[in-house]
Amino acid sequence: MGDSSKNVDVEQLIAYSDDLVRVLKDKRDINSFTQCLEHSKSLRSSCDSDFNQLQSSLQDYQKKIDVCKKKTEEAKSEVAADAEIDLLQKELEVEMEKEHLLMDELRRINNEINDLELQSIPLQERRQALKKLEQDEMRAERMLSLYASVTNIIPNLDDQSKISGHIVDREKKVVERFEFDLTKIDPVDACNGIWKMISS
């Protein structure tokens with residue numbers, strides 16, 4: 001039987017292996033998260049394009065309104081005929097109505113952009129959580145690799161009801177399989193059995 005420090009290392013190895021399995025199982029929603037993020041980016045791009053187009057149209061109509069106002073002022077200063085003034089006034093009213101409609105559309109697009117920004121906050125939080133999961137997975141893989149290189153044990157994590165895997169002896173070029181059914185043997189006895197196999 002090995003000393004108590006070696007027993008602690010094996011128990012930690014088993015615990016880290018269980019944690020790794022749980023981390024890997026939690027990554028099943030990565031694809032839906034990625035699709036949601038791509039859809040949000042596409043929608044944001046479309047809204048930005050509509051916003052820029054409406055902004056440009058609004059500037060054009062503002063120029064037309066300014067021209068109409070200028071013509072109206074010129075018509076008044078030159079004592080133009082009443083019919084021409086009425087026509088210019090109607091043009092001004094039409095252009096101002098178009099400006100009003102454009103302003104309403106601009107407000108609607110601004111509201112959509114604000115909604116998208118609010119929706120992007122949970123996506124950013126999920127992206128950070130996903131990044132943390134990936135970091136945890138890498139850390140667990142490194143820990144598993146470290147324990148495997150120290151103990152020469154490669155665990156099998158597929159069946160949680162058993163402690164199983166392979167003991168690799170690089171010098172002797174031997175691979176020995178082990179398996180302990182936790183329903184039939186105490187975990188401490190299983191660990192002691194593994195250490196006996198390693199030390200033999």
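Quick note: residue numbers are just sequence positions, from 1.
Expressed to the nearest 0.5 Å, how far CG of Asn110 lies from CD of Glu105 amounts to 10.5 Å. Atom CG of residue Asn192 and atom CG of residue Asp186 lie 9.0 Å apart, to the nearest 0.5 angstrom. Here the straight-line distance linking atom CD of Glu125 with atom CG of Leu130 works out to 13.5 Å at 0.5 Å rounding. For the atom pair CZ of Phe180 and CD1 of Ile194, the computed distance is 5.0 Å after rounding to the nearest 0.5 Å. Of the inter-residue distances, the one linking Lys64 atom NZ with Glu99 atom CD reads 12.5 Å to the nearest 0.5 angstrom. Distance CG/Leu106 to CZ/Arg108: 10.0 Å, rounded to 0.5 Å.
When the side chain to side chain contact (heavy atoms under 4.5 Å, CB included) test is applied to Glu93, the partners found at least two apart in sequence or on another chain are Gln89. Residues passing the side chain to side chain contact (heavy atoms under 4.5 Å, CB included) test with Lys98 are Tyr61, Val94, Glu95, sequence neighbours excluded.
When side chains are defined from C-beta on, Glu179 does not count as touching Ile163, because their heavy atoms never get closer than 4.5 Å. Between His166 and Ile153 there is no side-chain heavy-atom pair separated by less than 4.5 Å. Using a 4.5 Å heavy-atom cutoff, the side chains of Lys69 and Ile65 are in contact.
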Go through Asp104 and Arg107 one step at a time and tell me if the salt bridge (Lys or Arg N to Asp or Glu O under 4.0 Å) criterion holds. CA-CA 5 Å; Asp104 287 343; Arg107 273 193 294 274; 2.2 Å; yes
Test log, rule side chain to side chain contact (heavy atoms under 4.5 Å, CB included), inputs His100 and Met103: CA-CA 5 Å; His100 178 70; Met103 288 297 291; 5.5 Å; no
Return a table of donor-acceptor pairs under 3.5 angstrom between the side chains of residues 49-60 and protein atoms on other chains or two or more places apart.
{"residue": "Asn52", "atom": "ND2", "partner": "Asp48", "partner atom": "O", "Å": "3.2"}
{"residue": "Ser57", "atom": "OG", "partner": "Gln53", "partner atom": "O", "Å": "3.1"}

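Minimum interatomic distance between Thr183 and Asp181 (heavy atoms only, all atoms of both residues): OG1-OD1, 2.7 Å. Looking at every heavy atom in both residues, Phe178 comes nearest to Ile167 through CD2-CG1, 3.7 Å. Across Ala190 and Ile185, no two heavy atoms sit closer than the pair N-CD1, 4.0 Å.
Looking at Asp66 and Lys70, no side-chain N of the basic residue comes within less than 4.0 Å of a carboxylate O on the acidic one, giving no salt bridge.
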